[in-house]
Asker: 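The structure follows.
Position 1 is the first residue of the sequence; numbering continues from there. Note that the structure is a prediction, hence the values are computed from the model and not measured. When reading the values below, keep in mind they use all heavy atoms of this one structure, side chains included, and skip hydrogens, waters and symmetry mates.
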Amino acid sequence: MATFLYRLGRMAFRRRWCVTLLWVGVLAAVGFGAVKAPAAPEATNSMPGIESQKAFDLMEERFPGTEADGATARIVFVAPDGQKITAADHRRAIDTLVERAAGGPQVAGVVNPFQGKAEAEAVSKDATTAYATVTYKAAADDLTDAAKHRLESAIEQARDTGLTVEVGGTALETQPSAGGSAEAIGVAIAALVLLITFGSLAAAGLPLLTAILGVGVSMASIMALASAFGLSSTTGTLATMLGLACGIDYAVFIVSRYREERAKGHAPQEAAGLAAGTAGSAVVFAGLTVVIALAGLSVVGIPMLTKMGLAAAGAVVVGVLIALTLVPAVLGFWPNAVLSRRARRSGRIKEGGENNGGSRWARFVLRRPVPVLIASVVGLGALAIPVMDLQLGMPGAEAKPTSTTERRAYDDLAQGFGPGFNGPLTVVVDARDAENPKTAVRTIEERIGATDGIVSVSPARFNAAGDTAVFSAIPSTAPTSERTQDLVRSIRADRPATEASTGAEFEVTGTTALNIDVAQKTQDALIPYLILVVGLAILLLMVVFRSVLVPVKAAVGFLLSVLAALGSVVAVFQWGWGAGLLGVETTGPIMSMMPIFLVGIVFGLAMDYEVFLVARMREAYVHGDSPSQAIRTGFRYSARVVVAAALIMMAVFSGFIGAGESMIKMIGFGLAIAVLFDAFVVRMALVPAVLALLGKAAWWMPRWLDRILPRVDVEGEALSHRAAPPHAPQAPRATKDETEDTRPEFTSV
């Protein structure tokens, strides 16, 4: 492995024009394909294998031609204090709004709260609140500006009469913010960290440049293949995030090792080859662990998540290839530009001293391994305690900021009609095998309506064939309440007896039931996903480190950090501890996908840091260092780079905390805090403490297992037999061609 990558790095350095033009050509080709490819399909929320999805599929089959996929707008009216919404002037204002909205483009229908049977359902019992529903023929993304403007102007006109008017639904839904200026600040901080780490604008800019090019190739490829593989516009979200994160990390590792080899006196081309052969080997295996974690998302059984994971895995592969080829090629154009400013000015390239921050910290841990280990485990364990109270769900409008009209409409409806009104349960009855379908449906309505926790049941609506019916049941509790979850389970548990007596089958669906089912599905998939990902990673790390205990230690450390991060998310977003500091206005259940996302993404990044840090220790140990000296050597050369990479990721992820949406805040906070725990507590403290206590046993492997596992030269042992540089490093002198490998790069000190 090391020899192959060494030759690849030298080749890329020597044939820099060909390599660079090749990547530019790849970007142009996939970009052209993306432009010419058909538009990406709309995102689908299909969740096979759950009851809610089966009910939706049955509705589509038995009720063809419905406008179920069209956008809707639920307009909520609240009368001024002390007044009734049924007053004549308020009724006129609402009638005018309904009339104007009905005449808008793409409108399929409008329900006036004061007409026909609607008044009994659409006006609150205290007559202070009412709502009208506007249904469109097109989906929310396909609504024209004219259709939206017509509705908005009608709403503003109604507000001018003194009514409080808010809008829920999908028609005018506020699009979530991805962080805005806060995200830009995060990227700026990342650039600053690179500049401080390397002391060179070129060294700081090169990882950013190559990572952006890699993300461009990945995203263009996803767009080009979107139509053929059914990839929606949201598929590339995770690919962009991880492609950028891993792309920067991998380029940083290569550039850092290149500077180190230059400091040892190697010529630029040789240094590029050695960087690719040593750090590049760590990059390959770190990338493989990330790919395993992302491809493993298919275990969950959610098509959208599977596509996102595979697309992100492809982006990581692109990042690895760019780090191994394009980074050495760019170094070939400007071999001295990535050196520190001090080196270029003073005329000397100085190798990192024995007493840098990394080596000093390693000595501290080696003197006190037991206290450091206990403090790390106890601290992370305490932070993980809130996980025991984890509640999964899918926050809706109640999690939006109060500055949005959707949140205010939600609150007004909850106050006027009860907390369960925003999360009705949809019951689909298949009475095809019943002797009397209408009687069977009526019996099911009565039994569900009599269930403790159900406030009301709407009249059933039959399909044209008269063998399928749909009705709504309003719970007494909010959609995200645990009591609502218990209610859904209770209705389903009592179903066999009801179906046996009526001869009809029914299923419970709707947004609330769907969220409950998805939460359960992801929760059930979490343990198999962990077993698969961690198991494969342990096997891969055994091949890399030729050790049994080091991979097990890496997996245990990861589990501690991810549990601590998830516990912190529960404490802030579910319990409300410090929620105000992050601008979280409403606490509630944790997003169903959060544990899976956290495990997958953080596992990949954690293994990046583990492989790069411990691979350097393993390299030193193989080359003759004692176990304790190998730890110091690894920290001496790698600690600063790992810390910089972690700070970059934290800065990028923290940008999402500034978003207005609670779910995006949750993702940003969870990822940032997980990187903090894993990089600075697990990798910087727990790992050296455990290795110090294990000593030589850390690198033990049974002979039979050593014979079975394939051998890959990750440590660059084959490269150590190459001739050492003939002289100590000194300043690179300007020549006509700085990139020629044959010129004398250094003079003796």
Side-chain angles (χ1 to χ4, degrees), residues 1-24 198 200 202-207 209-210 213 250-284 320-340 343-344 347-352 616 619 637 641 713-749:
M1 172 69 75
T3 303
F4 169 76
L5 294 178
Y6 165 79
R7 293 171 179 169
L8 180 65
R10 284 180 60 93
M11 183 276 295
F13 187 100
R14 186 173 61 254
R15 302 186 180 279
R16 46 195 171 271
W17 278 108
C18 294
V19 173
T20 304
L21 291 176
L22 175 63
W23 277 111
V24 172
F198 290 127
S200 164
L206 191 153
L209 176 65
T210 55
L213 187 142
Y250 299 159
V252 165
F253 295 160
I254 298 292
V255 172
S256 176
R257 189 59 182 257
Y258 171 81
R259 285 158 53 100
E260 181 185 325
E261 297 300 335
R262 289 291 306 275
K264 292 179 180 178
H266 290 292
Q269 182 173 317
E270 180 70 6
L274 291 172
T278 52
S281 298
V283 164
V284 169
V320 170
L321 294 176
I322 283 183
L324 297 177
T325 56
L326 185 60
V327 171
V330 175
L331 290 173
F333 289 109
W334 300 282
N336 297 326
V338 297
L339 304 179
S340 68
R344 297 193 304 273
R348 289 179 185 272
I349 302 177
K350 184 179 179 181
E351 188 174 359
R616 196 57 195 270
E619 180 182 340
Y637 288 109
V641 180
D713 184 16
V714 179
E715 302 86 9
E717 188 174 3
L719 302 180
S720 65
H721 301 303
R722 297 181 55 81
H727 39 62
Q730 197 172 17
R733 305 294 183 183
T735 65
K736 292 183 180 179
D737 184 3
E738 289 188 330
T739 64
E740 287 295 330
D741 195 35
T742 55
R743 69 176 177 82
E745 276 297 319
F746 306 100
T747 58
S748 52
V749 177

Asker: Please name the pair of heavy atoms, one in T20 and one in A329, separated by the smallest distance, quoted to 0.1 Å.
Answerer: OG1-CB, 4.0 Å
Asker: Are L274 and R257 close enough, and set up right, to give a side-chain contact (heavy atoms from CB on, under 4.5 Å), and what steps lead you there?
Answerer: CA-CA 8 Å; L274 291 172; R257 189 59 182 257; over 6 Å; no
Asker: So if I apply the side-chain contact (heavy atoms from CB on, under 4.5 Å) rule between Y250 and each of L321, V284, V283, which one comes out positive?
Answerer: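 Only one option passes, and that is V283.
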Asker: Backbone N or O of G277 within a donor-acceptor pair of the S281 side chain at under 3.5 Å?
Answerer: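 Flag set: sc S281 to bb G277 pair under 3.5 Å.
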Asker: List for me each residue that meets side-chain contact (heavy atoms from CB on, under 4.5 Å) alongside R15, sequence neighbours excluded, and say none if there are none.
Answerer: M11, C18
Asker: Do V19 and W23 come close enough that some side-chain heavy atom pair is under 4.5 Å?
Answerer: yes
Asker: Just by distance, do the side chain of R616 and the backbone of Y637 share a donor-acceptor pair under 3.5 Å?
Answerer: no
Asker: Looking at every heavy atom in both P335 and G332, which two are closest together, and how far apart are they?
Answerer: CD-O, 3.8 Å
Asker: Once rounded to the nearest 0.5 Å, what's the spacing between atom CZ of R259 and atom CG of L339?
Answerer: 6.5 Å
Asker: Side chains of P328 and R16: closer than 4.5 Å at any heavy-atom pair?
Answerer: no
Asker: Checking side-chain polar atoms at under 3.5 Å, does Y6 have a donor or acceptor matched by the opposite partner on E270?
Answerer: yes
Asker: How many angstroms lie between CZ in F13 and OH in Y258, if you round to the nearest 0.5 Å?
Answerer: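 Between F13 CZ and Y258 OH, I get 5.0 Å after rounding to 0.5 Å.
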Asker: Checking side-chain contact (heavy atoms from CB on, under 4.5 Å) for the pair L213/L209: CA distance, chi angles, key distance, verdict?
Answerer: CA-CA 6 Å; L213 187 142; L209 176 65; 5.9 Å; no
Asker: Taking only residues two or more places apart in sequence, or in another chain, which ones meet T210 in a side-chain contact (heavy atoms from CB on, under 4.5 Å)?
Answerer: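 Residues passing side-chain contact (heavy atoms from CB on, under 4.5 Å) with T210: L206, A251, I322, L326, V327.
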Asker: If I take atom CD1 from residue I254 and atom CG from residue L331, how far apart are they, to the nearest 0.5 angstrom?
Answerer: 9.0 Å
Asker: Under the rule for ring pair (Phe, Tyr, Trp, His ring centres under 6.0 Å), what residues qualify as partners of F253, not counting sequence neighbours?
Answerer: F612
